[in-house]
Amino acid sequence: MYSVLFLCGGVAGVTTVLFGFGGGFVVVPLMYTLLISVHESDSAAGLAAMHIAVATSTALMIFAASLSTWRHHRRRTVQWHLVRPLVGYIAIGAVLGAAAAVSLNGDWVRWVFIGYLGLTIADAILRPGFLHQASGDVRPMGRLLTAMTGTLIGTIAALLGVGGSVMTVPLMRRRGANMTAATAMASPLSLPMAVSGTVTYVLLSASNTALGAWYAGYVDLRALLTLAVGSWLGIRLASLWIGRIPDRIHAGGYLVLLMVVLAVMVVIH
């Protein structure tokens, strides 16, 4: 199990740097699959499999998004003047999303995850503005739109444990950003969600002691450590490709990865 998680962490690191995923789209389906295959369906871990996957993925994002942000900052690909106004609102939304995820049944969280993925893919394909070559000049948002968008991003990202990429990348693309800039901004925007979401998950599920000593609430600490080591290696390798992938191929790769994850989540149960 841990060798698979290590490889998964490596893939999560690559997708964090190149696509801004924060690892969630890789970690959540894999951890959910591993947990339901290793544990009995009526055991504590089996019953809480989706909650564990989402909470552990959110905790991993603190590490992966921090390292990815530093790598992008060194390459001067982060447009900080667009990132800063969203940070506080994303943190507030993350608390709401994590609280909602803890209170919902795991099957509901899974189907929300699937539904949101499907809508995101359909929107990117059917509505103009995602797959075309972007100018790179990003149009800023007003204060009200920033507040509403940031809160929504934080809520959905923490609820699903997937980081802000699923919303921030399409948003920034439609406002004129190329894929390098859009994915670079996704990493620092995932950080407030990851910190607020993880703290909320741990505090609201701390009373659940049936999972064992290696859990902080729903966060699987051994899995988290294994994933973090793998993601560190993945981030180091992927950093070599920052800014080198043609824009249209980069955007198409983002959508293909979303489709793969959607297929996995529909099939497993």
Side-chain angles (χ1 to χ4, degrees), residues 12-26 57-58 60-94 124 129-130 133-143 145-147 149-154 156-158 162-198 228 231-251 253-254 257:
V14 171
T15 59
T16 298
V17 170
L18 298 183
F19 301 100
F21 279 177
F25 283 115
V26 179
S57 169
T58 304
L60 175 65
M61 271 182 271
I62 298 176
F63 174 82
S66 296
L67 189 52
S68 176
T69 297
W70 173 244
R71 294 279 178 174
H72 276 288
H73 176 70
R74 291 182 63 184
R75 296 291 183 92
R76 302 181 183 276
T77 54
V78 182
Q79 299 188 34
W80 288 107
H81 67 286
L82 298 172
V83 169
R84 293 188 188 97
L86 287 165
V87 170
Y89 297 113
I90 288 178
I92 293 170
F130 187 86
Q133 177 72 41
S135 64
D137 297 323
V138 186
R139 301 184 301 276
M141 297 183 291
R143 290 186 178 181
L145 182 58
T146 297
T149 302
T151 304
L152 183 63
I153 289 171
I156 293 177
V162 295
S165 171
V166 69
M167 296 188 71
T168 55
V169 171
L171 171 68
M172 294 303 174
R173 284 290 284 178
R174 293 208 167 84
R175 301 198 72 82
N178 57 41
M179 278 299 291
T180 297
T183 54
M185 285 185 277
S187 289
L189 288 174
S190 293
L191 271 175
M193 182 284 300
V195 173
S196 295
T198 300
S231 69
W232 174 73
L233 292 173
I235 288 170
R236 285 183 62 88
L237 291 173
S239 296
L240 300 174
W241 291 93
I242 293 176
R244 297 184 178 183
I245 304 175
D247 190 77
R248 190 172 182 83
I249 294 176
H250 203 168
Y254 178 93
L257 285 174

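The backbone N or O of G142 lies less than 3.5 Å from a partner atom in the side chain of T146, making a donor-acceptor pair. For the pair T198 (side chain) and V195 (backbone), a donor-acceptor distance under 3.5 Å is absent.
Using a 4.5 Å heavy-atom cutoff, the side chains of M185 and T77 are not in contact. Side-chain contact between Y254 and P170 is present, with at least one heavy-atom pair separated by less than 4.5 Å. A heavy-atom distance below 4.5 Å is found between the side chains of M179 and V169. Residues I153 and M193 have side chains not in contact (no heavy-atom distance under 4.5 Å, counting atoms from C-beta outward). S187 is not listed as a side-chain neighbour of W70, based on a closest heavy-atom distance of 4.5 Å or more. Within the 4.5 Å cutoff, side-chain heavy atoms of R71 are placed close to those of R236. S231 has its side chain out of reach of T16: every pair of non-hydrogen atoms, C-beta onward, lies at least 4.5 Å apart. For the pair I235 and V14, the minimum side-chain heavy-atom distance is 4.5 Å or more.
Rounded to the nearest 0.5 Å, atoms NE2 (H250) and OG1 (T183) are 4.5 Å apart. To the nearest 0.5 angstrom, I90 atom CD1 is 4.5 Å from L189 atom CG. A distance of 4.5 Å separates CG of L191 from OG1 of T69, quoted to the nearest 0.5 Å.
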